[in-house]
Amino acid sequence: MNATLTAATPSRTGESVLEQIQDTVVVTIDGPAASGKSSVSRELARRFGWVWVSTGAFYRGVAWAAHHSGVNLDDEEAVAEFARSNAWRVRLDLDQTRFELHGEDSTEEIMKEAVGLLASKISSYPKVRQALLDAQRRCALGVKGLIAEGRDCGSVVFPQAVVKIFLTARAEARAARRATEEGRDPGDVVEQQKRRDQQDASRKAAPMVQPEGSLAIDTSGLTLNEVVDQIEMLILSKISYS
Ligand code: DC
């Protein structure tokens, strides 16, 4: 799968993107920073042969690229204008949601926890969220199934999702995960993540919430396979009844 998505992609006339994707099976995995969303989503997509998107990559990418391009991140309208431009695009790969600025791959740069904080800041801007919404929904266009992870995937981006999961984990377990990935001190990471989660949960526009009708899973004491097995069973039971 190598779909490319930008906020500037033209729409087919008449139908909203939500209407165009109604035949795609969508599963959403929301939750706080480093709760295991990416590993779980990637593995689920692999098992079902579906597409996976990390919607956080849109916010991380736009925050990093706007900053890199000299846009003032305190200026909502300027960031939204950048988000609506075709300077960037997202590519869906099986192993990563990739971000390109002017055709150059910047995926590695955007994955740092420091960029997570910038992403969290601009994700509180309603105009930026609106600019990215249809591009995120287009990930489900023309595919059999999509696993979408983020903060508002079940509540706003894909309200029609057949299965909605809310992953949590103890703050220390989450910080330890990210610290290992980045070779950093867990104590520093825990503080940054707490700030980011607090910001994401308290913003007015599409805050991180446990979506209605979702299943909450605490991944702290579970292996990746235990979490994925549980969600796989749930998806299979829903698909076979629909
Ligand atoms: O999942 P992540 O850590 O890559 O997300 C980075 C930031 O992007 C997160 O702190 C808040 C924002 N985000 C969001 O507001 N809505 C989403 N659906 C996904 C991410």
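Residue numbers run from 1 in the order of the sequence given. Just so you know, ligand 1 is whichever comes first in the structure, and atom 1 is the first atom listed for that ligand.
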>> Would R129 count as a contact residue for ligand 1, given that I'm defining contact as a non-hydrogen atom of the residue lying under 4.0 Å from a ligand atom?
In response: yes
> Below 4.0 Å from any atom of ligand 1, is there a heavy atom belonging to R203?
Replying inline: yes
Starting from [atom], which protein heavy atom do you reach first, and at what distance in Å?
atom	result
atom 19 (C) of ligand 1	T55 OG1, 3.5 Å
atom 6 (C) of ligand 1	R196 NH1, 3.4 Å
atom 10 (O) of ligand 1	D200 OD2, 2.6 Å

> How many angstroms lie between CG in D93 and OG1 in T107, if you round to the nearest 0.5 Å?
Replying inline: 8.0 Å
Check for a donor-acceptor pair, side chain of [X] on one end and backbone N or O of [Y] on the other, with a separation under 3.5 Å.
X	Y	value
T55	E149	yes
R91	E100	no
R60	V115	no

Identify, by atom number and element, the atoms of ligand 1 in contact range of [X], meaning under 4.0 Å from any of its heavy atoms.
X	value
G150	18 (N), 19 (C)
D152	16 (N), 17 (C), 18 (N)
R60	2 (P), 3 (O), 4 (O), 6 (C)
S123	11 (C), 12 (C), 15 (O)

>> I'd like to know if R178 and D188 make a salt bridge, using a cut-off of under 4.0 Å between side-chain N and carboxylate O.
In response: no
>> Just checking R47: does its CZ atom have more than 12 heavy atoms from other residues, nucleotides or ligands closer to it than 6.0 angstrom?
In response: yes
>> Checking salt bridge (charged side-chain N to carboxylate O under 4.0 Å, His left out) between K127 and each of E81, E77, E76, which is the one that passes?
In response: E77
>> I want to confirm something. Looking only at heavy atoms, which of A119, G31, G56 is nearest to atom 7 (C) of ligand 1?
In response: A119
>> Can you tell me which portion of R151 lies within the under-4.0 Å heavy-atom range of ligand 1? Options are side chain, backbone, both, or neither.
In response: both
>> Which residue in the set R196, Q199, R203 passes side-chain hydrogen bond (donor to acceptor under 3.5 Å, both in side chains) when paired with S120?
In response: Q199
Please say whether [X] places an N or O atom under 3.5 Å from an N or O atom belonging to ligand 1.
X	value
Y59	no
S54	no
E149	no

> Parallel, tilted or perpendicular: which fits the ring planes of F99 and W88, with parallel below 30° and perpendicular above 60°?
Replying inline: parallel
